[in-house]
Protein chains: 2
Amino acid sequence: MDVREALLEAATKVFAEFGLRGATTRRIAQAAGVNEVTLFRHFKSKDELFQAALETFARRSQTRALPDVPLHPRQELLEWCRTQYRDLYKHRSLIRKAMAEQEEHPAHCALGMEASVRIAEQLSTYITALRQAGLASGDWDVRAATNMLLGAIFADAMGRDTMPERYPYNMRDAIEHYVDLLLNAIGAMAPAKPARGRTA
Amino acid sequence: MDVREALLEAATKVFAEFGLRGATTRRIAQAAGVNEVTLFRHFKSKDELFQAALETFARRSQTRALPDVPLHPRQELLEWCRTQYRDLYKHRSLIRKAMAEQEEHPAHCALGMEASVRIAEQLSTYITALRQAGLASGDWDVRAATNMLLGAIFADAMGRDTMPERYPYNMRDAIEHYVDLLLNAIGAMAPAKPARGRTA
DNA sequence: GTGGCAAGCAAGTAGTTACTTGCACACAGA
DNA sequence: TCTGTGTGCAAGTAACTACTTGCTTGCCAC
């Protein structure tokens with residue numbers, strides 16, 4: 001059914017732009033290019049529409065896995081982090097709105113939170129494997145290291161467009177900076193990182 | 001004028017809870033314990049009320065400075081980061097709502113963005129001083145290191161209450177973890193950090 | 001052609017929104 | 001005692017909200 005799909009897509013788009021209260025049925029119908037009445041013929045209520053819309057949105061998001069056995073930590077982390085960053089940046093408007101809404105409507109955001117937790121667990125597992133393989137060492141907490149890298153990526157993706165003066169480097173370099181800093185922090189820099197000039 | 005102040009406080013409180021669209025004049029008046037008409041006797045419009053409310057909120061936020069000449073990096077960073085974390089966590093609801101609103105009403109959030117930029121510049125200056133004093137070394141970008149630490153603190157403050165499984169350590173330990181990881185990352189760990197057992 | 005189905009359109013309902021008006025009351029200073 | 005001044009209260013406005021109803025139109029299968 002084509003109209004139904006258009007409505008679902010329009011709902012997430014308008015939600016990302018105006019938030020839940022600002023995403024009126026009129027605006028959604030207009031964005032989908034259908035009559036407002038048609039919206040209510042496909043979905044019993046605005047709430048049901050959003051339930052369905054966020055579900056299909058969450059289902060569509062694919063996951064990129066980190067290898068079970070780390071071989072080239074820097075390369076593997078760079079690729080994985082770039083994927084995460086792209087996702088976060090692409091959906092930054094929706095994520096900001098969802099974060100604001102989650103206190104009032106936790107059910108709507110549960111899927112997003114779960115995805116975020118899964119991603120963090122993936123990285124934690126990888127970092128643990130790094131340490132066990134002797135590719136990282138030192139006195140640090142795996143969860144904290146995970147949250148440090150993910151936090152940097154998240155904050156960058158959320159703040160780059162609104163505070164450009166805080167991010168004088170471009171997105172591609174950003175990931176490299178954060179990954180290298182983390183690898184340094186967890187004592188995993190020696191073998192993997194190529195020299196970049198000013199190495200002290 | 002007591003009523004005016006109560007209205008300003010109620011406005012920020014209700015905004016933090018319900019967002020701009022959800023912060024109706026009725027709710028604000030009720031939270032301030034006055035009649036809705038009284039609200040419009042003190043402020044021409046809902047918009048003017050919020051302009052004033054966010055301004056007084058921003059004016060009230062004090063800044064804690066980092067020393068110009070770093071002496072005890074770990075201690076100084078810990079204290080400063082704890083202050084930043086407390087502020088972010090205390091106002092997390094308001095910050096989440098403001099982040100969601102900033103695309104539609106950038107003027108309302110400009111003060112918050114400026115504060116965030118100032119804080120980042122403070123930390124950048126301090127880290128630069130660290131390097132110049134020979135207390136940190138390596139091939140890394142000062143801005144990236146700044147954003148890494150601030151990003152970790154920000155993401156923690158925003159996500160801890162809604163994703164507790166991602167943060168198995170408490171808030172106090174969190175700052176210590178992040179600061180130590182950053183100090184490791186920028187090659188500033190040698191003299192300052194006391195042993196914590198498992199040091200490799 | 002005829003039936004059925006999906007959609008559009010105009011109109012309406014009931015509730016909420018920001019904001020206004022008019023009047024009554026209570027208190028404080030002259 | 002009079003007179004502002006600040007407030008509460010009841011009511012009303014116009015616009016918007018989610019959602020409904022009734023009727024019409026186009027299209028596709030038979």
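Numbered from 1 within each chain, the chains take letters A, B, ... in sequence-line order. Reckoned from all heavy atoms, side chains included, excluding hydrogens, waters and symmetry mates.
- Taking the ring centroids of B/H105 and B/F50, they lie at or beyond the 6.0 Å cut-off.
- Applying the 4.0 Å criterion to OP1 and OP2 of D/dG6, one finds that B/H42 has every side-chain N and O outside that range.
- If you measure from atom CD of B/E5 to atom C1' of D/dG6, you get 17 Å, rounded to the nearest angstrom.
- At least one cation-pi condition fails for B/R160 and B/Y89: the charged atom is not both under 6.0 angstrom from the six-membered ring centre and inside a 45 degree cone around its axis.
- Across the protein-nucleic acid pair, A/N35 atom CG and D/dT25 atom C1' stand 13 Å apart, rounded to whole Å.
- Between the C1' atom of D/dC16 and the CD atom of A/Q30 lies a distance of 14 Å, rounded to the nearest Å.
- Protein atom CZ of B/R41 is 14 Å distant from nucleotide atom C1' of D/dG4, rounded to whole Å.
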Going through the checks in order, is the side-chain hydrogen bond (donor to acceptor under 3.5 Å, both in side chains) test met by B/E176 and B/Y169? CA-CA 10 Å; B/E176 217 162 312; B/Y169 39 83; over 6 Å; no
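- For D/dG6, the base has no donor-acceptor partner in the side chain of B/R4 [N/O atoms by modelled type, under 3.5 angstrom].
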List the protein contact pattern of nucleotides 15-20 of chain C with one symbol per nucleotide (5' to 3'): B for base contact, S for sugar-phosphate-only contact, - for none; contact means a heavy-atom distance under 4.0 Å. --BSBB
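- Ion pairing between a basic and an acidic side chain is recognised when a charged N comes within 4.0 Å of a carboxylate O; A/R118 and B/E165 show no such pairing.
- Residues B/E48 and B/F43 come closest through the heavy atom pair OE2-CA, 3.7 Å.
- A cation-pi arrangement, defined by a distance under 6.0 Å to the six-membered ring centre and an angle within 45 degrees of its axis, is absent between B/R82 and B/Y85.
- Atom CG of A/L7 and atom P of D/dC19 are 14 Å apart (whole Å).
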